[in-house]
Amino acid sequence: NTLEFASATGVATLTGVNAYFVNFDHATIDSGAQWALAGSATFGSSVTLTDSGTLSVIGTLVNDTLLSGTAQGLVLGTGGLISNQSGGTITGGVNGITGTGAGRVINAGVISGGSGSGIGAYLAAGGTLTNLASGTISGDYAVKFGASHTNKLVVVPGASFVGTVNGGNTIGAASISTLELASGASAGTLSGLGTQFTNFSQTTVDSGASWSLTGSNTLNALSNGGHVVLDASTLSLTNLSGSGSVTLDAGATLVTQGTV
C-alpha cells in the first residue's frame with residue numbers, strides 16, 4: 001500500500017502522520033511537491049519513503065527506515081529535530097540532509113550524500129548535530145555547517161565520519177563552532193583534527209569522557225574535562241584549559257603556543 005503526497009501550490013503542512021495514516025508500507029513525495037512535517041512523526045522499519053520533491057521537518061521526526069531523496073533526503077527547518085535511529089538510512093542524490101533553519105540532528109544510523117560533491121548533512125543555517133556510537137555520516141563533506149552561525153558537532157565514541165567535517169566558522173570569526181567529544185561506553189579514538197575536522201575554534205572533552213588522538217592533530221582551544229591520550233601522536237594547540245588530564249604515550253608530542 002502506497003501513500004502518495006502530491007504537489008500543490010505552496011508548501012503543505014502535515015501533522016498526525018502516525019495517528020491518521022496507518023497500514024502503508026511505502027510513501028512517496030511527488031516531484032515538485034513541498035511538504036512540511038509538523039508535530040511528532042515516526043517512520044518505522046515497515047515503511048520506506050521515496051522523496052522526489054521536498055520534505056521539510058519543522059517538528060520532530062524519528063526515522064527507522066530507508067528514506068531516499070532525488071535531491072535532498074530531508075530538509076531540516078527552524079526548530080526541527082531529525083532523530084535517525086540505528087535502523088534508519090537517510091540518503092539524497094545531492095545531500096542526505098539540508099538545513100534551511102537552525103535545528104538538531106541526532107544520528108545512530110546512516111546519513112549519506114550523493115556521489116561527487118554530495119554532503120551527508122549540510123546545516124547551512126547552523127544548529128547541532130550529534131553522531132552516536134553506531135552512526136555513520138558520509139559524503140564529499142560528511143558534515144558541513146554554515147558560516148556566521150553558532151554550530152556544534154557532538155561526537156560519541158564509535159561514531160564514524162567519511163569525508164571532511166567543516167565547522168563553518170574560521171578561527172577568530174564572531175560566531176563560534178564547537179566540537180564536543182562526549183563520553184561513551186568505551187574510550188573514543190580520533191584523528192585528523194585540523195585536516196579532516198576543520199573550522200572548529202573550540203573543542204571540548206566532556207567530564208567522564210576518554211579520547212585517544214592518533215596521527216598529527218591541530219586545535220585552537222581545547223577545554224578538557226575528561227581524559228585525553230596522545231597515542232604516539234602530535235597535538236598542537238593554542239590554549240589548553242580544564243580540570244581533565246592528558247597522557248603522553250611513548251613517541252607522543254604536545255605543542256602549545258599559549259596558555260596551558
Side-chain angles (χ1 to χ4, degrees), residues 42-45 57 60-67 73-74 76 80-92 95-97 99 103-113 119-123 127-139 141-145 151-167 177-193 195-198 200 202-215 217 219 222-231 233 235 242 244-247 249:
T42 299
F43 294 157
S45 58
V57 178
T60 298
L61 172 62
V62 177
N63 181 62
D64 200 24
T65 188
L66 172 62
L67 196 161
L74 287 171
L76 178 65
L81 168 61
I82 297 171
S83 180
N84 193 39
Q85 305 296 289
S86 59
T89 295
I90 300 172
T91 181
N95 301 332
I97 295 174
R104 292 185 295 149
V105 175
I106 301 173
N107 179 53
V110 175
I111 300 174
S112 64
I119 301 173
Y122 181 25
L123 302 190
T128 299
L129 186 149
T130 301
N131 202 15
L132 299 176
S134 57
T136 298
I137 306 177
S138 64
Y141 283 94
V143 178
K144 186 176 183 180
F145 291 93
N151 306 314
K152 178 182 282 190
L153 174 66
V154 182
V155 183
V156 175
S160 174
F161 299 89
V162 181
T164 302
V165 178
N166 190 326
S177 296
T178 300
L179 173 62
E180 180 179 342
L181 305 182
S183 61
S186 60
T189 301
L190 199 61
S191 62
L193 297 174
T195 52
Q196 181 186 10
F197 295 83
T198 63
F200 292 94
Q202 178 68 44
T203 301
T204 63
V205 179
D206 289 354
S207 175
S210 181
W211 285 84
S212 293
L213 302 184
T214 62
N217 299 280
L219 293 174
L222 173 62
S223 177
N224 180 22
H227 181 53
V228 174
V229 178
L230 302 187
D231 184 9
S233 61
L235 174 61
S245 61
V246 178
T247 299
D249 284 351

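Note that the structure is predicted; figures quoted are calculated from it, not measured. All heavy atoms count here, side chains included; hydrogens, waters and symmetry mates do not.
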*Provide the closest heavy-atom pair for Pro157 versus Ala133 in the form atom of the first, atom of the second, distance.*
O-CB, 3.2 Å
_Qualifying residues under ring-ring contact (aromatic ring centres under 6.0 Å, His included), relative to Phe161, sequence neighbours excluded_ = Phe197
*Out of Ile119, Ile90, Ile111, which residue meets the side chain to side chain contact (heavy atoms under 4.5 Å, CB included) rule with Asn95?*
Ile119
*Please walk me through it: do Ile137 and Val162 pass side-chain contact (heavy atoms from CB on, under 4.5 Å)?*
CA-CA 6 Å; Ile137 306 177; Val162 181; over 6 Å; no
*Counting only N and O atoms by type, is there a donor-acceptor contact under 3.5 Å from the side chain of Ser134 to the main-chain atoms of Ala108?*
yes
*Take Leu235 and Leu219, measure what side-chain contact (heavy atoms from CB on, under 4.5 Å) needs, and give me the verdict at the end.*
CA-CA 8 Å; Leu235 174 61; Leu219 293 174; 4.0 Å; yes
*Measure the shortest side-chain to side-chain distance between Trp211 and Val205 over non-hydrogen atoms and say whether it is less than 4.5 angstrom.*
yes
*Within-4.5 Å side-chain heavy-atom neighbours: Val62 and Phe43*: no
_Stepwise side-chain contact (heavy atoms from CB on, under 4.5 Å) check, Leu74 with Ile82_ = CA-CA 9 Å; Leu74 287 171; Ile82 297 171; 3.9 Å; yes
*So do the side chains of Leu81 and Val57 get within less than 4.5 Å of each other, counting heavy atoms only?*
no
Mind listing the side-chain donor-acceptor pairs of residues 177-187 below 3.5 Å, one per line with the distance, residues two or more places apart or on another chain?
{"from": "Ser177", "atom 1": "OG", "to": "Asn151", "atom 2": "ND2", "distance (Å)": "3.3"}
{"from": "Ser177", "atom 1": "OG", "to": "Gly167", "atom 2": "O", "distance (Å)": "2.5"}
{"from": "Ser177", "atom 1": "OG", "to": "Asn169", "atom 2": "ND2", "distance (Å)": "2.9"}
{"from": "Glu180", "atom 1": "OE1", "to": "Lys152", "atom 2": "NZ", "distance (Å)": "3.4"}

*Distance, nearest 0.5 Å, that separates OG of Ser207 from NE2 of His227*: 13.5 Å
*Heavy-atom side-chain contact between Tyr122 and Ile97 under 4.5 Å*: no
_Nearest 0.5 angstrom please: Thr128 OG1 to Ile106 CD1, how far?_
9.5 Å
*Ser233 versus Thr214, side-chain donor and acceptor atoms under 3.5 Å*: no
*Is there a side-chain contact between Val105 and Leu123 (heavy atoms, below 4.5 Å)?*
yes
*asked:* Taking the side chain as everything from C-beta on, heavy atoms only, tell me whether Asp249 gets closer than 4.5 Å to Val229.
replied: yes
*What distance separates Asn224 CG from Ser245 OG, expressed to the nearest 0.5 Å?*
6.5 Å
*Drop me the distance from Asn217's CG to Ser191's OG, to the nearest 0.5 angstrom.*
6.5 Å
_Distance alone, cut at 3.5 Å: any donor-acceptor contact between the side chains of Ser83 and Gln85?_
yes
*So how far is it from Leu193 CG to Thr198 OG1, rounded to the nearest 0.5 Å?*
10.5 Å
_Does Phe200 form a side-chain contact (heavy atoms from CB on, under 4.5 Å) with Leu153? I'd like the steps, not just the answer._
CA-CA 9 Å; Phe200 292 94; Leu153 174 66; 4.0 Å; yes
*Atom CG in Leu67, atom OG1 in Thr91: separation rounded to 0.5 Å?*
9.5 Å
